[in-house]
Amino acid sequence: MNTMAALLYLSVSLLLEPVVAGGVKNCHPQCRCEVESFGLFDSFSLTKVDCSRMGPGTAPVPIPLDTSYLDLSFNSIGSITDSMLSGPGYTTLVSLDLSNNDISRVSSHAFSKLRYLETLDLSHNSLDSLPNGCFSGLPLVEVDLGDNSFQEFNLDMFTTRGQETPISVDLSNNMLTVVTRNSQSQHLYIKTLVLASNRLTTVPDLAGIPLQYLNLDGNPISQIEEGAFEDMKDLVYLSLSSIPQLSIIQPYSFRGLRSLQVLDLSNNSQLKSLSPDVFAGLLSLQELNLSKSAITPLPNTVLNHMPNIKSITLGPNMHCWKTHKQGQFHRQIGEAKVNDILTCSVAGLIL
Ligand SMILES: *[C@@H]1O[C@H](CO)[C@@H](O)[C@H](O)[C@H]1NC(C)=O
Ligand SMILES: *[C@@H]1O[C@H](CO)[C@@H](O)[C@H](O)[C@H]1NC(C)=O
């Protein structure tokens with residue numbers, strides 16, 4: 001009987017505990033919360049909160065303290081106010097998913113409390129701009145703005161605040177020195193930027209940031225101009241695919257992309273010819289995708305510009321890869337010369 005009473009007490013007290021879902025305190029009833037533990041003796045843990053598809057009118061939602069990952073996708077949020085993402089729990093977020101929310105407006109301090117935020121997904125919304133400085137001071141590494149309505153894009157959202165409010169005024173020595181927010185030093189960590197399926201008509205100027213991955217697929221860019229990617233020396237992956245408007249890529253367009261390893265130019269039906277000099281400067285390029293783009297023939301001198309190319313895809317069943325061909329034995333010099341040639345899966349294809 002004593003045991004029964006103890007069990008009964010235990011189960012009643014469990015019911016009376018504050019809401020605990022998957023071991024997480026204060027999990028909103030419409031969210032799913034879980035803690036993932038890592039490391040020796042589970043010494044390190046991350047709280048993941050999934051509040052997707054809760055329905056309209058539910059944001060802002062209270063989340064557990066120490067939340068690292070938050071999914072707020074598919075909630076018809078519409079606009080993000082300054083207070084929506086500022087409650088307890090939000091300050092520790094490392095990753096936030098706001099995709100598929102019909103978001104058309106973001107107020108300028110909406111993200112200012114998210115000072116550990118590294119990954120932000122704002123894709124599949126109705127944004128055509130973001131306020132200047134709205135990402136200022138955040139350690140963002142990865143931002144997805146795909147499937148929105150941006151017609152232009154610049155880095156002001158990462159750096160300057162809209163108003164140049166003076167933060168100090170110095171009147172000593174009869175000289176006026178005004179220090180504005182703009183003169184504060186900026187540290188940008190952004191490595192991945194997705195701008196696919198927007199309304200950009202030119203390649204945005206992204207010089208001066210440590211970007212490694214850039215996706216501009218599906219934007220109505222008709223022409224890529226010489227030096228369009230100048231100063232993007234850290235870029236490793238560039239995708240310019242599925243752009244029916246793209247008909248011209250000027251020579252030296254990719255100049256300066258000295259770390260680029262993968263270039264996707266596939267599915268561009270109006271891209272009919274490319275001069276070998278288009279590829280000038282692509283010293284690290286390993287993979288080039290020209291599948292479903294109408295470029296034939298590809299001049300064989302392209303290889304001179306891409307000393308590290310390993311594979312070129314020309315179509316679903318047309319693939320070329322680099323092989324070494326042993327050259328003539330040079331008796332005088334006493335060494336074999338190695339020539340690189342492209343071998344293609346389709347017989348008779350001449351590059
Ligand atoms: C190719 O591009 C067209 C638009 O021109 C798009 O509708 C289609 O989905 C793309 N195909 C692939 C395989 O990406
Ligand atoms: C090249 O692009 C096509 C069409 O976008 C895609 O289906 C294919 O997987 C790509 N191939 C490689 C090797 O990346």
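Being a predicted model, the structure only gives us computed values, none of them experimental. Both ligands and their constituent atoms are indexed starting at 1 by order of listing.
Within the listing of ligand 2, atoms 1 (C), 2 (O), 3 (C), 8 (C), 10 (C), 11 (N), 12 (C), 14 (O) sit less than 4.0 angstrom from a heavy atom of Asn289. Taking every non-hydrogen atom of Lys292 and a distance limit under 4.0 Å, the qualifying atoms of ligand 1 come out as 13 (C).
Nearest heavy-atom pair, Leu314 versus Cys320, reported as atom, atom and distance to 0.1 Å: CD1-SG, 3.9 Å.
Atom 5 (O) of ligand 1 has as its closest protein heavy atom Pro244 CG, 3.2 Å. Looking at atom 4 (C) of ligand 2, its nearest protein heavy atom turns out to be Ser266 OG, 3.5 Å. Closest to atom 13 (C) of ligand 2 among all protein heavy atoms lies Thr313 OG1, 3.6 Å.
By the 4.0 Å N-to-carboxylate-O rule, Glu230 lies close enough to Arg255 to be salt-bridged with it. A salt bridge is defined here as a Lys NZ or Arg NE, NH1 or NH2 lying under 4.0 Å from an Asp or Glu carboxylate O, and Lys310 with Glu287 fails to meet this definition.
Between His319 and Trp321, the angle of the ring planes lies from 30° to 60°, which puts this pair in the tilted group.
Side-chain contacts under 4.5 Å among hydrophobic residues (ILVMFWY), followed directly or transitively, place Tyr189 together with Val141.
In this structure, atom 2 (O) of ligand 1 has a protein heavy-atom contact shorter than 4.0 Å.
Rounding to the nearest 0.5 Å places CZ of Phe111 at 4.5 Å from CD1 of Ile80.
Considering Asn268, Leu246, Asn267 only, the shortest heavy-atom separation from atom 6 (C) of ligand 1 involves Asn267.
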